Amino acid sequence: MHSIQRYQEFVLDYLKSEQRDKEPKNLYEPIAYILGLGGKRIRPVLTLMSAEIFDASYKEALPAALAVEVFHNFSLIHDDIMDDAPLRRGNETVHEKWDVNTGILSGDAMLILAYQYFEQYEPSVFRDLAKLFSKTALEVCEGQQWDVDFENREDVTLTEYLKMIQYKTAVLLGAAMKMGAIIAQTSTQNANFIYDFGLHLGIAFQLQDDYLDAYGNPETFGKQVGGDIIENKKTYLYLKAMEFASAGQKEQLMHLYSIKPQDNFEKIESVKELFIATGASAATQKAIQEYTQKAFDTLDQLEIHADKKSILRAFGENLMGRKV
C-alpha cells in the first residue's frame, strides 16, 4: 500500500504518459486542459487503492483509474456548461476559455476515451468493468437530470434529493472502488462491500460539497462560493431550512429562491443567514457525519486485514477533513 500522495503521483505520471499531441487541437487541447487542472484526483486514487487493498498491484489498475478520471472530468465540462459556471478548480471553465460548442464536443470525446482504457484488460475483466461503467455513467446522467429538474420544482423531498446526489456523485466513487476490486478479482461480496463504502462516503462528500458551496473559502474551495444559491438549487441545506423554518422565514427563503438579481452578494448572504437561523446548517453537518459513519460501518464486513481497514478509514477521514 502507498500514501494518498503517492497514488496521486502514480495517476499524474500515467496521465502524462498517455497524453499525445493530436489533431484537431480544438478537440484535444480542452481535454488536456481540464485534466491538467489538478484537484485531488479522488476517484482514480480510489481505484488504485482498492486494487491494492485486495492484493493486486496498483499498476494493473492504472487504465481503469484513468478511465474514471476522464469520465469524471467529462461530466464536469458538461455540468459547467449547464450551470454557466465561470470557475473550475480556481481556473476558467472549458466553455469560458474556448466556447460552449467546443466544451460539448470535447466532453463527448472524453466519454469515448474513457471506454477505450478498458480495452487493455482481458475479456472477462473488460466485460465486468464495462458493465459497471455503463450502469454508473447512465446513473450519473440521471442524477444530473434530476438536479436540473429540481431547480424548477417547489416540492422536492429530502428522499428525492439524497437519491439525486447518490446518482450524480456517489455512484462514481463506489464504482471507482469496485473497479479496483474487479481488477484484483476478489470475491463478489468484497466487491459489493467496497462499493457500498465508496457510495456512502460519496453521499457524505456531496453533502459536504453543498455545505462548502455556501460557507467555503473560494481560494481553497476552487469553485464560485454561493453558486448553488445563485442557481436556486434545492440542496440539503435549502430543504432542511424549509423543513425547520417559521412561516416568515419560509416566505423569505422562497422569495430569495425566486429571484436572480444582477448583484448576487446580498442574496447569498441573506440565504446563508437563514440556513444558520433555521438550524439547517447544523443539520447538514450532522448528516455529513452520519453518512461518513455509514461508510465506516461497511468496513467491518470486508474480508481483509485490519491494517487495510484502518487505511480505508484514514482515507475517509482525510477526504472528509476539507475545511471551509
Side-chain angles (χ1 to χ4, degrees), residues 79-80 82-88 142-170 200-295 319-324:
D79 285 2
D80 287 341
M82 296 173 77
D83 294 342
D84 195 23
L87 295 176
R88 170 64 62 181
E142 290 169 356
Q144 175 66 7
Q145 185 60 56
W146 278 322
D147 192 24
V148 172
D149 291 347
F150 291 173
E151 290 180 30
N152 298 312
R153 280 180 51 190
E154 300 299 333
D155 59 346
V156 179
T157 66
L158 279 169
T159 300
E160 287 178 315
Y161 181 75
L162 288 168
K163 184 176 182 181
M164 182 274 286
I165 64 172
Q166 176 179 326
Y167 277 48
K168 184 179 176 182
T169 300
H200 288 127
L201 203 60
I203 294 173
F205 182 83
Q206 184 58 52
L207 289 174
Q208 189 186 55
D209 207 61
D210 290 354
Y211 182 84
L212 292 176
D213 188 275
Y215 298 104
N217 181 335
E219 293 181 7
T220 55
F221 187 48
K223 290 188 287 184
Q224 181 181 23
V225 170
D228 288 345
I229 295 171
I230 294 169
E231 292 297 318
N232 297 326
K233 288 193 174 182
K234 313 300 191 301
T235 63
Y236 196 90
L237 278 164
Y238 173 86
L239 295 172
K240 275 294 181 185
M242 290 296 287
E243 179 184 340
F244 297 150
S246 65
Q249 289 172 325
K250 188 175 291 187
E251 184 179 350
Q252 186 182 0
L253 193 56
M254 289 179 70
H255 169 69
L256 288 165
Y257 267 64
S258 69
I259 60 173
K260 289 197 172 184
Q262 286 190 327
D263 183 359
N264 288 293
F265 178 78
E266 285 190 20
K267 173 180 174 175
I268 292 169
E269 292 304 308
S270 296
V271 169
K272 286 164 63 174
E273 288 172 9
L274 281 167
F275 287 163
I276 293 171
T278 58
S281 174
T284 301
Q285 290 175 294
K286 182 181 178 183
I288 292 165
Q289 293 172 348
E290 288 174 348
Y291 277 98
T292 302
Q293 188 57 49
K294 281 186 180 183
L319 179 64
M320 301 312 298
R322 295 184 297 168
K323 304 297 182 185
V324 298

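For the single chain, residues carry numbers from 1 onward in sequence order. Only heavy atoms go into these numbers, but all of them, side chains included; no hydrogens, no water, no symmetry mates. Being a predicted model, the structure only gives us computed values, none of them experimental.
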Colleague: Closer than 4.0 angstrom, basic N to acidic O: yes or no for K272 and E269?
Modeller: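 Counted as a salt bridge, because a side-chain N and a carboxylate O are separated by less than 4.0 Å.
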Colleague: For N152 and K234, work out which heavy atoms get closest and say how close.
Modeller: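 It is N-NZ, 4.4 Å.
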Colleague: Do T235 and F150 make a side-chain contact, defined as non-hydrogen atoms from C-beta onward lying under 4.5 Å apart?
Modeller: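 SC-SC contact between T235 and F150 ruled out.
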Colleague: Can you check side chain to side chain contact (heavy atoms under 4.5 Å, CB included) on Q166 and L162, steps first, answer last?
Modeller: CA-CA 6 Å; Q166 176 179 326; L162 288 168; over 6 Å; no
Colleague: With a distance cut-off below 6.0 Å to the six-membered ring centre and an angular limit of 45° from the axis, does K294 pair with Y291 as a cation-pi contact?
Modeller: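 Judged by the rule, K294 and Y291 form a cation-pi pair.
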Colleague: To the closest 0.5 Å, what do you measure between CD1 (I203) and CD1 (I165)?
Modeller: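 Interatomic distance, I203 CD1 to I165 CD1, rounded to 0.5 Å: 6.0 Å.
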Colleague: Any side-chain heavy atom of Y161 sitting closer than 4.5 Å to one from Y238?
Modeller: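 A side-chain contact is absent here, since even the closest heavy-atom pair is not under 4.5 Å.
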Colleague: Heavy atoms only: give me the nearest A170-G202 pair and the separation to one decimal.
Modeller: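 It is CB-C, 3.7 Å.
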Colleague: Check whether any side-chain heavy atom of T159 sits under 4.5 Å from a side-chain heavy atom of K163, and report yes or no.
Modeller: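 T159 does not reach K163 side chain to side chain.
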Colleague: Kindly list each side-chain donor-acceptor pair under 3.5 angstrom involving residues 282-290, sequence neighbours excluded, with atom names and distances?
Modeller:
unit_1, atom_1, unit_2, atom_2, d
T284, OG1, A280, O, 2.8
Q285, NE2, Y211, OH, 3.4

Colleague: When you compare the side chain of H255 with that of S258, does any pair of heavy atoms fall below 4.5 Å?
Modeller: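 Yes, close enough: below the 4.5 Å cut-off.
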Colleague: Nearest 0.5 Å, please: how far is CE in M164 from OG1 in T157?
Modeller: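 It comes to 11.0 Å.
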Colleague: Can you name the salt bridge (Lys or Arg N to Asp or Glu O under 4.0 Å) partners of D83, sequence neighbours left out?
Modeller: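 Expected list: K233.
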Colleague: For K250 and T278: C-alpha separation, side-chain torsions, deciding distance, then whether side chain to side chain contact (heavy atoms under 4.5 Å, CB included) applies.
Modeller: CA-CA 10 Å; K250 188 175 291 187; T278 58; over 6 Å; no
Colleague: May I ask you to decide if Y257's main-chain N or O and N232's side chain share a donor-acceptor pair within less than 3.5 Å?
Modeller: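 Yes, because the side chain of N232 sits within donor-acceptor range (under 3.5 Å) of the backbone of Y257.
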Colleague: With rounding to the nearest 0.5 angstrom, report the OG to CZ distance, S270 to F265.
Modeller: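 Taking OG in S270 and CZ in F265, the distance rounds to 9.5 Å.
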Colleague: So, taking the atom named CD1 in I268 and the one named CG in L256, what distance separates them when rounded to the nearest 0.5 Å?
Modeller: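 The distance works out to 11.0 Å.
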Colleague: I'd like to know if the side chain of K168 reaches the main chain of Q206, judged simply by a donor and an acceptor atom lying under 3.5 Å from each other, with no hydrogens or angles considered.
Modeller: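 Not confirmed, K168 side chain does not pair with Q206 backbone.
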Colleague: With a 3.5 Å distance limit and no angle check, can you tell me whether Q208 reaches the backbone of M320 through a side-chain donor-acceptor pair?
Modeller: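 Yes, Q208 side chain to M320 backbone: donor-acceptor pair under 3.5 Å.
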Colleague: If you compare all heavy atoms of K267 against all heavy atoms of I230, which two are closest, and at what distance to 0.1 Å?
Modeller: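 That closest heavy-atom pairing would be NZ-O, 3.8 Å.
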Colleague: Using a strict cut-off of less than 4.0 Å between a Lys/Arg side-chain nitrogen and an Asp/Glu carboxylate oxygen, indicate whether E160 and R153 qualify as a salt bridge.
Modeller: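 Yes, this pair counts.
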Colleague: Does a side-chain heavy-atom distance below 4.5 Å link D213 with D209?
Modeller: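 Sidechains of D209 and D213: no contact.
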Colleague: Nearest heavy-atom pair of F275 and A241: which atoms, and what distance?
Modeller: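 In this case the closest contact between F275 and A241 is CD2-CB, 3.8 Å.
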Colleague: Once you round to the nearest 0.5 Å, how far does CD of Q145 lie from CE of M82?
Modeller: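 Reported value, rounded in 0.5 Å steps: 6.0 Å.
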Colleague: If you define the side chain from C-beta out and look only at heavy atoms, does anything of Q293 sit under 4.5 Å from H200?
Modeller: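 They are not in side-chain contact.
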Colleague: What distance do L237 atom CG and D228 atom CG have between them, rounded to the nearest 0.5 Å?
Modeller: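 Result: 8.5 Å between the selected atoms.
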